[in-house]
Amino acid sequence: MKYFKTTKRSAKNAIADTFIYILLAVISIVWIFPFIYLILTSLRGESTSIVTYLFPKEWSLKNYIWLFTDKKSDFLNWYLNTLLIAIVVSIINTLITLLTAYALSRMRFNGRQSLMKFMLILGMFPGFLGMICIYYILNAMGLVNSKLSVIGLMLVYVSGSMMGYYVSKGFFDTISKSLDEAAMIDGASRSKIFFSIILPLSKPIIIQTLLGAFVAPWGDYMMANYIIGSGGSKFKKVAIGLYQMIDSNTKMSDNFTRFCAGGVVVSIIPIILFFFLQRYYVSGVTGGSVKG
């Protein structure tokens, strides 16, 4: 009797597993198809940009060559602007986030719990709710639609850094406080403990925070377009520049394959970073989620 029950259970499990695998396969195909289409379209050498077929009839790298060599293309400037913004923002953002998380993890002071709850609640509201206020403040400082718009954009990106403290704080909570106490007995200051003892033990959470802080400004279009706007072609982010390549029917017909090539180039750096740093990213997220 037990044999038949076990066999029935095994058959049900096999059917359930098969259904799950089929579902995951379908989801994977749906998810990856736009990327395949993007790559194939970027390699198309036909003069007609909008077509009804998937695979190119003429394979070519001319779209990539045009992006970096043609005098009409400012793609390299856009790309370097975006890279500069993402690097600066990720470094500042990570430093602020980790310092905030360390202070909330190790120090006890009046209003600590209320401050953490306030930042968590405030972080639930989307950033675009304050876009009008942000615009007027930056405009009054001359940081909108000008050569200094990049600085204004970076200020916006790093302004809410401390509200992303929660995962980092959870990771720091897993590091024994006896290390801090022993170092303080030897005369080490809080900053010395943080930079010399805690950070070397926190590689996963540092990388996880860096990656998150890098990707956010790297792919942002809405806030960047709102602040940089018409501040000059050489000061645009790559997302703005690529959109403006296809923002009319004429441009769409002429530049769609070039737009796809730009999309492929833009995705290379995040893919490489996640590919080589994935294990640190995962361990940082899981380590930070152990404690609140």
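As a basis for the values below, the full set of heavy atoms in this structure was taken, side chains included, without hydrogen atoms, waters or symmetry mates.
Hydrophobic clustering, with ILVMFWY side chains joined whenever heavy atoms are under 4.5 angstrom apart, keeps I271 apart from I268. When the side chains of ILVMFWY residues are joined at heavy-atom separations under 4.5 Å, either directly or via intervening members, M107 and F118 end up in a single hydrophobic cluster. I193 and I185 fall into different hydrophobic clusters, where Ile, Leu, Val, Met, Phe, Trp and Tyr are joined by side-chain heavy atoms under 4.5 Å apart, directly or via other members.
Looking only at side-chain heavy atoms (C-beta outward), F33 and L54 come within less than 4.5 Å of each other. L201 places a side-chain heavy atom less than 4.5 Å from the side chain of L179. Under the 4.5 Å side-chain criterion, counting only non-hydrogen atoms from C-beta, Y226 is in contact with I132. Taking the side chain as every heavy atom from C-beta outward, V156 and L138 approach each other to under 4.5 Å. Looking at F75 and L242, their side chains come closer than 4.5 Å, going by heavy atoms from C-beta outward. In this structure the side chain of F214 reaches within 4.5 angstrom of the side chain of I269, judged on heavy atoms. Put simply, the side chain of L143 does not reach to within 4.5 Å of the side chain of I227, judged on heavy atoms. Contact check for Y166 versus M119: no side-chain heavy atoms found under the 4.5 Å cut-off.
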Could you give me the CA-CA distance, side-chain angles and deciding distance for D186 and K192, then say whether side-chain contact (heavy atoms from CB on, under 4.5 Å) is met? CA-CA 11 Å; D186 291 336; K192 184 70 173 179; over 6 Å; no

Please determine whether side-chain contact (heavy atoms from CB on, under 4.5 Å) holds for the pair I240 and W78, giving the CA-CA distance in whole Å, both sets of side-chain angles, and the decisive distance to 0.1 Å. CA-CA 8 Å; I240 302 173; W78 303 337; over 6 Å; no

M154 vs I92, side-chain contact (heavy atoms from CB on, under 4.5 Å): CA-CA, chis, key distance, verdict: CA-CA 10 Å; M154 288 192 287; I92 298 176; over 6 Å; no

Can you check side-chain contact (heavy atoms from CB on, under 4.5 Å) on D180 and I197, steps first, answer last? CA-CA 8 Å; D180 302 56; I197 299 176; 5.9 Å; no

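R190 contributes no side-chain N or O that, together with a main-chain N or O of A103, makes up a donor-acceptor pair within less than 3.5 Å. In this structure a side-chain-to-backbone donor-acceptor pair under 3.5 Å is missing from S161 to I96. Looking at T94, its side chain never comes within 3.5 Å of a backbone N or O of I91 through a donor-acceptor pair. No donor-acceptor pair under 3.5 Å is formed between the side chain of N63 and the backbone N or O of A261. Panel note: side chain R112, backbone L104; a donor-acceptor pair is recorded below 3.5 Å. Counting only distance, with no hydrogens or angles, the side chain of R44 and the backbone of T257 share no donor-acceptor pair below 3.5 Å.
Heavy atoms only, all atoms of each residue included: W218 and V266 are closest at NE1-O, 2.9 Å. Listed here is the closest heavy atom pair of A86 and P217: CA-CG, 4.0 Å. Smallest separation of non-hydrogen atoms from L153 and I85: CD2-CD1, 4.1 Å. The minimum heavy-atom distance linking L61 with L43 is given by the pair CD2-CD2, 3.6 Å. When all heavy atoms of T209 and S168 are compared, the pair lying nearest together is OG1-OG, 3.6 Å. The nearest pair of heavy atoms linking S90 to L210 is O-CD2, 3.6 Å.
Other residues, nucleotides and ligands place more than 12 heavy atoms under 6.0 Å from the CZ atom of F109. Environment of CZ in F68: crowded, with over 12 heavy atoms of neighbouring residues, nucleotides or ligands closer than 6.0 Å.
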Donor-acceptor contacts under 3.5 Å from residues 17-31 side chains, at least two apart:
residue	atom	partner	partner atom	Å
T18	OG1	A14	O	2.7
S28	OG	L24	O	2.7

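Look at D74 and K236 and you find no salt bridge, because none of the NZ, NE, NH1 or NH2 atoms lies under 4.0 Å from a carboxylate O.
Residues satisfying the salt bridge (Lys or Arg N to Asp or Glu O under 4.0 Å) test with K251, not counting sequence neighbours, are D247. Residues forming a salt bridge (Lys or Arg N to Asp or Glu O under 4.0 Å) with D220 (at least two apart in sequence, or on another chain): none. With sequence neighbours left out, the side-chain hydrogen bond (donor to acceptor under 3.5 Å, both in side chains) criterion links Y64 to S42. Residues satisfying the ring pair (Phe, Tyr, Trp, His ring centres under 6.0 Å) criterion with Y102, sequence neighbours excluded, are F194. Residues that satisfy the ring pair (Phe, Tyr, Trp, His ring centres under 6.0 Å) test with Y221, not counting sequence neighbours, are Y243.
Atom CG of L155 and atom CD1 of I137 lie 11.0 Å apart (nearest 0.5 Å). Interatomic distance, NZ of K177 versus CZ of R106, reported as 6.5 Å (0.5 Å rounding).
Using a 30° and 60° split on the angle between ring planes, Y37 and F256 fall in the tilted class, from 30° to 60°.
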